[in-house]
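One structure below.
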Amino acid sequence: MASLGKMGKMGKMGKMGKMGKMGRSGDSTDHAGGPSDVQLHSALMTTREGTVGFWNGRPTNPNHSDLDLRNGFGDILYAQADVRAHILDYALKSRFSVSNDDDTLPQRKATVSVDNEEIAIIEQPSLADFETQLKYLRSYADLRPDRIDEIDVQIDDGLSFFGAIGYLDVQRRARTLDLLAAVERLAVYVEMQVKHICLSPRPIDFAVEVQPMIQTPDHSSFPSGHACESFAVATLLYLLMHSDKASSPGYALDPQQAVTKHLHVFRIAERMAVNRTVAGVHFPCDSAAGALLGCQLATAVYLIGTAELPQYNPVPEFKIGASAGQFPDNSDFNLTWLGGALQAINSKSDPSTGDEVIKTAWALAADEWA
């Protein structure tokens, strides 16, 4: 029987944002002294009884004041991590949608939009396409002894690997961690809808010889959630790490070019995605689609944070085929393909679309890298 601690993982990279105890704020250690417990509650009650004396129920503190959001509606730093997470999640998730493009196609297609602007189209591969990719499950299985520690840690923790190249600490980079965690949760929110539309079998469904080295998740193989989440985090981290250069003449923040140049942060994400094929639970095409989706989601968050909206024509699309930009059914996933499938940032300026919570979250996180 699975332990209770593992029941909520469900293929997520989990723990990447270390959100703290959602819905369990009473356990927080961020208050003076320590966490709440029954003994403390009783001690506080008896202390009040022994010290307050008579009180007529009127205010006695002349300096009391209301929380007035004096720094603007986007200021959420008065709240602890779990409350900040709820506010950020609503600000982001309420703007994204996933639709089933055409359920009559042999392979189903999901369209992802932000404020009705399409940012990615993900088309399900055919069963024959998955069968063609089984050869990669065979060859990558040879790497399992070398990758076992990486694969095991990355089931729950991806952020440590990004923290090894861009220092991430709750003091120095607290607002960055807030934003990265929110984007990772957004990726899970979107990817699970795409998975449901493009419901596809796992490698173990095609051949018993795959024999994965970890438990196979119960949801769709396509697209890969780990790839989506790792590339969403990599893209946002790249944008944050280079945000101070955005105002330099001739310099443009462009995830497409960063992927094409194989910048280190994207090599980390690529390795994490490939590790899921090594483990035996994903096809390379799963990772390709997930990576494309993750890059697009993080770029959209960046644009919302700067009061703009994505506007692509054509919309970046994952589709297996032989045409330029499509993913060949006999191909392995790599950054060279991903760079060709992405487009340079194309947006329309629209200050009315800016969200104060997201704009403030982006500005505070970017300041930590300036």
Side-chain angles (χ1 to χ4, degrees), residues 2-3 6 9-16 107 122 124-162 164 191 194-195 198-231 233-234 259 262 264 266-294 318 320 326-338 341:
S3 68
K6 293 182 178 179
K9 292 175 183 175
M10 295 292 294
K12 291 195 282 183
M13 291 167 69
K15 295 186 182 177
M16 288 186 65
Q107 293 86 48
I122 307 296
Q124 179 188 32
S126 68
L127 293 179
D129 294 330
F130 287 123
E131 291 174 358
T132 300
Q133 295 231 307
L134 275 173
K135 62 183 180 182
Y136 292 106
L137 276 296
R138 166 61 191 91
S139 58
Y140 272 125
D142 294 339
L143 295 178
R144 290 178 182 179
D146 296 330
R147 302 280 185 97
I148 184 170
D149 286 341
E150 293 180 36
I151 290 167
D152 189 52
V153 172
Q154 288 166 2
I155 291 174
D156 297 317
D157 175 14
L159 199 58
S160 292
F161 296 86
F162 292 106
E191 82 201 19
V194 178
K195 281 175 175 284
C198 299
L199 186 59
S200 304
R202 292 274 179 171
I204 194 174
D205 292 314
F206 287 88
V208 296
E209 292 83 2
V210 171
Q211 199 165 334
M213 60 172 286
I214 61 176
Q215 296 290 351
T216 299
D218 63 352
H219 47 266
S220 176
S221 184
F222 179 87
S224 166
H226 270 64
C228 181
E229 294 154 41
S230 62
F231 274 90
V233 170
V259 170
H262 293 201
H264 198 156
F266 291 103
R267 295 204 301 273
I268 294 292
E270 178 190 33
R271 187 175 177 98
M272 292 172 68
V274 170
N275 278 346
R276 300 293 284 178
T277 302
V278 175
V281 296
H282 274 297
F283 296 95
C285 61
D286 298 340
S287 294
L292 177 65
L293 180 57
F318 177 88
I320 288 185
Q326 294 180 341
F327 190 81
D329 62 354
N330 62 351
S331 177
D332 194 6
F333 167 63
N334 57 68
L335 293 181
T336 300
W337 173 84
L338 180 60

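When all heavy atoms of P125 and I320 are compared, the closest pair comes out as CB-CD1, 3.5 Å. Contact between A269 and A234 at its shortest, heavy atoms only, is CB-CB, 3.9 Å. Residue L335 comes nearest to E270 through the heavy atom pair N-OE2, 3.4 Å, listed as atom of the first residue, atom of the second, then distance. Nearest approach of S287 to A273, heavy atoms of both residues: OG-O, 3.5 Å. Between R147 and V278 the shortest heavy-atom distance is NH1-CG2, 4.1 Å.
The main-chain N or O of N275 is never found under 3.5 Å from a side-chain atom of E150 such that the two would form a donor-acceptor pair. Looking at Q133, its side chain never comes within 3.5 Å of a backbone N or O of N330 through a donor-acceptor pair. Judged by distance alone, with hydrogens and angles left aside, the side-chain atoms of D205 form a donor-acceptor pair with the main-chain N or O of R202 at under 3.5 Å. The main-chain N or O of H226 is found under 3.5 Å from a side-chain atom of S230 such that the two form a donor-acceptor pair. At distances below 3.5 Å, at least one donor-acceptor pair connects side-chain atoms of S200 with backbone N or O atoms of C198. Listed for the Y136 side chain is a donor-acceptor partner under 3.5 Å among the backbone atoms of D332. A side-chain donor-acceptor contact under 3.5 Å links Q124 to the backbone of L199.
Ring orientation note: the planes of W337 and F318 are nearly perpendicular, at an angle over 60° on the 30°/60° scale. Ring geometry, F130 versus F222: the interplanar angle exceeds 60°, so the pair is classed perpendicular (tilted spans 30 to 60°). Ring geometry for F231 versus F333: interplanar angle over 60°, hence perpendicular rather than tilted (30 to 60°).
In this structure, D157 CG and I155 CD1 are separated by 11.5 Å, a value rounded to the nearest 0.5 Å. Atom OG of S220 sits about 10.5 Å away from atom CD of E191, to the nearest 0.5 Å. Going from atom CZ of F283 over to atom NZ of K135 covers 13.0 Å, rounded to the nearest 0.5 Å.
For D329, the side-chain hydrogen bond (donor to acceptor under 3.5 Å, both in side chains) criterion is met by no residue, not counting sequence neighbours.
When the shell of 6.0 Å around CD1 of I148 is examined, it contains 12 or fewer heavy atoms from other residues, nucleotides or ligands. Counting non-hydrogen atoms of other residues, nucleotides and ligands closer than 6.0 Å to CZ of R267 gives a total above 12.
At least one side-chain heavy atom of S221 sits under 4.5 Å from a side-chain heavy atom of P203. Within the 4.5 Å cutoff, the side chain of R276 has heavy atoms near those of the P217 side chain. For the pair L137/E209, no side-chain contact is recorded, criterion being any heavy-atom separation below 4.5 Å from C-beta on.
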Q: Verify side-chain contact (heavy atoms from CB on, under 4.5 Å) between V153 and S160, making sure each step is shown before the conclusion.
A: CA-CA 9 Å; V153 172; S160 292; 5.7 Å; no

(Q) Let's go through M272 and F162 carefully: what are the C-alpha distance in whole Å and the side-chain angles of both, what is the deciding distance for side-chain contact (heavy atoms from CB on, under 4.5 Å) to 0.1 Å, and is it a yes or a no? (A) CA-CA 11 Å; M272 292 172 68; F162 292 106; 3.9 Å; yes

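Defined by atom type and a distance below 3.5 Å, a donor-acceptor pair is missing between the side-chain atoms of D129 and T132.
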